[in-house]
2 protein chains.
Amino acid sequence: MAGSKLDPIDRHILAELQADGRMTNVELASRVGISAPPCLRRVRTLEEAGYIKGYHADIDAREMGFEVQVFAMVRLQSQAEADLSTFEGRCRAWPLVRECHMLNGEIDFILKCVAPDLSSFQSFLTEQLLKAENVANVKTSLVIRCAKDEPGLPFDVLEARLAKHA
Amino acid sequence: MAGSKLDPIDRHILAELQADGRMTNVELASRVGISAPPCLRRVRTLEEAGYIKGYHADIDAREMGFEVQVFAMVRLQSQAEADLSTFEGRCRAWPLVRECHMLNGEIDFILKCVAPDLSSFQSFLTEQLLKAENVANVKTSLVIRCAKDEPGLPFDVLEARLAKHA
DNA sequence: GGTTTGGCGAAAACATCTTGCGCGGTTGTG
DNA sequence: CACAACCGCGCAAGATGTTTTCGCCAAACC
């Protein structure tokens, strides 16, 4: 089972760093119940093994003047692999698009976008996204409010599964 | 304009910490071109003022055994404020639901969910989400692949706007 | 039973954080 | 203009945290 190469202390480290990525190593060590040196070694190992992909400050979008968040559901005309890749490349180049997920079902892609205001999103939509070749149809939905936005993974679910399958 | 209370150095700090939230303060200071003490003071101020909401390690979901990511589009029977709040409360309590956004248009909510495998998501869907009162309709879309997943905000867009409106 | 492996903790060298203080530039006012 | 108040910077030093080295122990494996 995936993640089984990690012992309980490693998983505890990941959970703590997911909750507070700027914690000092000594604080982390005391929380997970080992001393600082082995704790740091474990963190380095987890980083190098790719379990930890990075650390990011979570910045308030509205405070920074990004008032608008939009989900865009995109359908393409062609779903040939080359055309999918081309579209994905465009999404990576558009700064207002923060996430681009390819889906199954009738919708080909869902895009999470941010923008300073509605008009700048509209101009992106009409001048960039809708004009992009191979785009058949785009449905956009404005985010009215955000009830939950938990970054990362539910470690409690993981622990429960490991306990059950032990 | 929002974010204008921040000077270019503050914005630079935010951009750097968004890219690498575990950078040491001296490294950060040298990158933004000031010495360490004022840099730390600025970071503390930005944290207290709410510009920085937190720091999180970005952990590889698949490595940890969360193979499945799903978007669920939810329609409710009643959109009265009390019923919306009740549903949002449920979403906050469900660990598999990582994000819950209220939308305009025909879809009331979009949920981003993770799960260890398809069957555990299916059981959540049928036993929890679909059985929740007031839920009229749920359309789910499995994420086939993720082309872009940039946490945070496009600071280059912000700088361009500030330069234009200067 | 010896060897290997992996992980731990103690201690020391090194780097960073944090605080107080003085300097220089800017603003507002007489 | 001159002056004072203010703001933010950099410097320096003590406190704190990080990282390396080393030796030890226990489990796994010949």
Side-chain angles (χ1 to χ4, degrees), chain A residues 1-60 63-65 155 158-159 162-163 165-166, chain B residues 1-60 63-65 155 158-159 162-163 165-166:
Chain A
M1 180 171 172
S4 298
K5 287 155 291 186
L6 274 50
D7 68 11
I9 295 180
D10 285 323
R11 295 196 301 272
H12 196 173
I13 287 175
L14 292 176
E16 292 289 345
L17 285 180
Q18 177 174 278
D20 178 6
R22 220 174 154 74
M23 196 183 305
T24 66
N25 184 58
V26 296
E27 170 70 15
L28 179 63
S30 87
R31 288 195 185 212
V32 304
I34 60 177
S35 70
C39 183
L40 187 64
R41 281 194 290 267
R42 281 168 179 266
V43 172
R44 294 278 179 271
T45 303
L46 290 169
E47 288 170 355
E48 279 158 26
Y51 288 96
I52 299 175
K53 292 192 289 183
Y55 302 89
H56 306 283
D58 182 8
I59 294 173
D60 191 296
E63 289 276 355
M64 292 307 293
F155 275 88
L158 182 63
E159 294 300 333
L162 291 174
H165 299 319
Chain B
M1 181 172 174
S4 299
K5 287 156 291 186
L6 276 50
D7 68 11
I9 294 180
D10 284 323
R11 295 196 300 273
H12 196 173
I13 287 175
L14 292 175
E16 292 290 345
L17 284 179
Q18 177 175 280
D20 178 5
R22 220 175 152 76
M23 194 182 307
T24 66
N25 184 58
V26 296
E27 170 69 15
L28 179 62
S30 86
R31 288 196 184 210
V32 305
I34 61 177
S35 68
C39 183
L40 187 64
R41 282 193 287 264
R42 281 168 179 265
V43 172
R44 295 280 180 270
T45 304
L46 290 169
E47 287 170 356
E48 280 158 25
Y51 287 95
I52 299 176
K53 293 193 289 183
Y55 302 90
H56 305 284
D58 181 9
I59 295 172
D60 192 296
E63 289 277 356
M64 292 307 293
F155 275 88
L158 181 63
E159 295 300 332
L162 290 173
H165 299 320

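Computed from a predicted model, the values in this text were never measured in an experiment. Numbered from 1 within each chain, the chains take letters A, B, ... in sequence-line order.
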| End-to-end axis angle, where each axis spans five pairs of the helix from dG1(C)-dC30(D) to dG30(C)-dC1(D), to 10° |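 The angle separating the two end axes equals 30°.
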What's the [atom1]-[atom2] distance between [X] and [N], to the nearest Å?
X      : N       : atom1 : atom2 : result
D7(A)  : dG6(C)  : CG    : P     : 14 Å
I34(A) : dG6(C)  : CD1   : C1'   : 13 Å
I9(B)  : dC7(D)  : CD1   : P     : 17 Å
L40(B) : dG20(C) : CG    : P     : 13 Å

Using 0.5 Å steps for rounding, measure from the [atom1] atom of [X] to the [atom2] atom of [Y].
X      : Y      : atom1 : atom2 : result
L28(B) : R42(B) : CG    : CZ    : 10.5 Å
L17(A) : M23(A) : CG    : CE    : 6.0 Å
E63(B) : L14(A) : CD    : CG    : 10.5 Å

| said: I'd like to know whether E48(A) forms a salt bridge (Lys or Arg N to Asp or Glu O under 4.0 Å) with R44(A), so could you lay out the CA-CA distance, the side-chain angles of the two residues, the decisive distance to 0.1 Å, and finally the verdict. | reply: CA-CA 6 Å; E48(A) 279 158 26; R44(A) 294 278 179 271; over 6 Å; no
| query | Under 3.5 Å, side chain of R22(B) to main-chain N/O of G21(A), donor-acceptor pair present? | reply |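 Looks like yes, one N/O pair under 3.5 Å.
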| Test item: N25(A) side-chain N/O and A36(A) main-chain N/O as donor-acceptor pair under 3.5 Å |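 It does hold such a pair.
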| said: Starting the side chain at C-beta, find the nucleotide from dG10(D), dC9(D), dA10(C) nearest to P37(A). | reply: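 Looking only at heavy atoms from C-beta outward on P37(A), the closest nucleotide is dA10(C).
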| Does the side chain of R44(A) get closer than 4.0 angstrom to OP1 or OP2 of dT19(D) through an N or O atom? |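 For dT19(D), OP1 or OP2 has a side-chain N or O of R44(A) closer than 4.0 Å.
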| task | Return no unless some side-chain N or O of R41(A) is found under 4.0 Å from OP1 or OP2 of dT20(D). | result |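 So the side-chain polar atoms of R41(A) never come under 4.0 Å of the phosphate oxygens OP1 or OP2 of dT20(D).
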| task | Could you tell me whether the side chain of R11(B) reaches within less than 4.5 Å of the side chain of L162(B), counting heavy atoms only? | result |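 Result yes, sub-4.5 Å side-chain heavy-atom pair found.
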| query | Mind checking whether L46(B) and L6(B) have side chains closer than 4.5 Å, heavy atoms only? | reply |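 The answer is yes, as the side chains (C-beta and beyond) meet within the 4.5 Å cut-off.
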| Between residues 20-32 of chain B and DNA chain D, which residues have a heavy-atom gap below 4.0 Å? |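 Heavy-atom cutoff 4.0 Å gives no residues at all.
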